[in-house]
*Asks:* 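This is the structure, below, for whatever I ask next.
One is the number of the first residue; the rest follow in order along the sequence.
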Amino acid sequence: MSVQLGYYTLSVADLDRAAAFYGTLFGWEFSREHETHLHVTNTAVPMGLVSAGPSAQPNLYYHVSDIDAAVEQVRKLGGSTGEVFDSTSGRGCTCTDDQGTQISIWQPTPGFG
C-alpha cells in the first residue's frame, strides 16, 4: 500500500487573525477542533491551521492505517518519534527520519479521512 498525504496544517501565531486572512484570501471556512486548531471545512485535501507560531513550511501528516506499527517501524529504521496523541480527527505522531527531517503520521478516525 502506498502512503499518501492525509492532512496538513499551517502553523500560525494567531488563529483568529489567520482565519480572517486566509478566509478572505481563499474563501476557506473553518470549524474549531481545539483551542489551538481550526479545521478548514471546504478544501479538497484536508487541512487546518494550528497555533504553534509561524513557520515557513506546512506540517505534513501522512495517512497510515496502523499508527502503532508505523511508529515502531520509524524507530527500527533509525528514526525517532514523539508521543502518539489523540484528537477528534484521529491519532497522530511527530517523527524524525534517520537524517533529521521531521514529518508526522496520522491514523484518521473512521469516517474522517
Side-chain angles (χ1 to χ4, degrees):
M1 176 179 97
S2 175
V3 173
Q4 303 293 319
L5 179 64
Y7 198 86
Y8 73 96
T9 60
L10 300 178
S11 295
V12 299
D14 183 296
L15 283 177
D16 294 328
R17 284 182 57 194
F21 181 89
Y22 290 108
T24 301
L25 180 64
F26 296 135
W28 289 349
E29 298 170 0
F30 303 91
S31 67
R32 188 166 295 273
E33 297 295 314
H34 185 270
E35 65 186 34
T36 62
H37 182 252
L38 292 174
H39 175 68
V40 181
T41 60
N42 62 335
T43 54
V45 175
M47 66 163 296
L49 303 176
V50 63
S51 62
S55 175
Q57 298 180 14
N59 307 303
L60 304 176
Y61 291 82
Y62 293 94
H63 183 159
V64 296
S65 58
D66 182 341
I67 197 161
D68 296 317
V71 164
E72 184 177 327
Q73 186 69 3
V74 167
R75 293 174 182 159
K76 283 182 181 177
L77 293 169
S80 61
T81 66
E83 295 294 319
V84 174
F85 59 87
D86 294 304
S87 70
T88 306
S89 63
R91 301 177 73 211
C93 185
T94 301
C95 304
T96 304
D97 72 12
D98 64 344
Q99 297 183 67
T101 300
Q102 190 174 36
I103 63 163
S104 294
I105 54 178
W106 172 61
Q107 179 183 333
T109 299
F112 191 86

*Asks:* Using a 3.5 Å distance criterion without hydrogens, assess whether the side chain of T96 forms a donor-acceptor pair with backbone atoms of S80.
*Replies:*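 Answer holds: no.
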*Asks:* Report yes or no: does H34 contribute a side-chain atom to a donor-acceptor pair with the main-chain N or O of T36 at less than 3.5 Å?
*Replies:*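 Flag set: sc H34 to bb T36 pair under 3.5 Å.
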*Asks:* Could you label the plane-to-plane angle of the Y7 and H37 rings as parallel, tilted or perpendicular, counting under 30° as parallel and over 60° as perpendicular?
*Replies:*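 Tilted: the ring planes of Y7 and H37 meet at 30° to 60°.
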*Asks:* Which residue in the set V3, V71, D66, L60 passes side-chain contact (heavy atoms from CB on, under 4.5 Å) when paired with I105?
*Replies:* V71
*Asks:* Can you find a pair of side-chain heavy atoms, one from P46 and one from Y61, that are under 4.5 Å apart?
*Replies:* no
*Asks:* Of the non-hydrogen atoms in C95 and V74, which two are nearest, and what is the gap between them?
*Replies:* SG-CG2, 4.1 Å
*Asks:* Donor-acceptor pair, H39 side chain versus M47 backbone, under 3.5 Å?
*Replies:*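 Yes.
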*Asks:* List the atom of Y8, the atom of P58, and the distance in Å for their closest heavy-atom pair.
*Replies:*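 Scanning both residues completely, I find the closest heavy atoms to be CD1-CB, 4.0 Å.
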*Asks:* So which atom in T109 and which in T88 form the shortest heavy-atom distance, rounded to 0.1 Å?
*Replies:* OG1-O, 3.1 Å
*Asks:* Looking at F30 and L38, what are the two nearest heavy atoms and their distance?
*Replies:*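 Nearest pair, atom of F30 first, then L38: CD2-CB, 4.0 Å.
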*Asks:* Distance check, rounded to the nearest 0.5 Å: L49 atom CG versus D14 atom CG?
*Replies:*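 The CG atom of D14 is 10.5 Å from CG of L49, to the nearest 0.5 Å.
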*Asks:* What closest approach, in Å, do V84 and R91 show between heavy atoms, and which atom pair accounts for it?
*Replies:*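 Scanning both residues completely, I find the closest heavy atoms to be CG1-NH2, 3.4 Å.
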*Asks:* Mind checking what makes salt bridge (Lys or Arg N to Asp or Glu O under 4.0 Å) contact with E72, not counting sequence neighbours?
*Replies:*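 Applying salt bridge (Lys or Arg N to Asp or Glu O under 4.0 Å) to E72 gives K76.
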*Asks:* Look at the side chain of T9 and the backbone N and O of S11, then say whether any donor-acceptor pair between them is shorter than 3.5 Å.
*Replies:*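 Checking the backbone N and O of S11 against the side chain of T9, no donor-acceptor pair under 3.5 Å is found.
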*Asks:* With side chains defined as the heavy atoms from C-beta onward, is the minimum distance between N42 and W28 less than 4.5 Å?
*Replies:*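 In short, these two side chains touch, coming nearer than 4.5 Å.
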*Asks:* For the pair T81 (side chain) and R75 (backbone), establish whether a donor and an acceptor sit closer than 3.5 Å, ignoring hydrogens and angles.
*Replies:* no
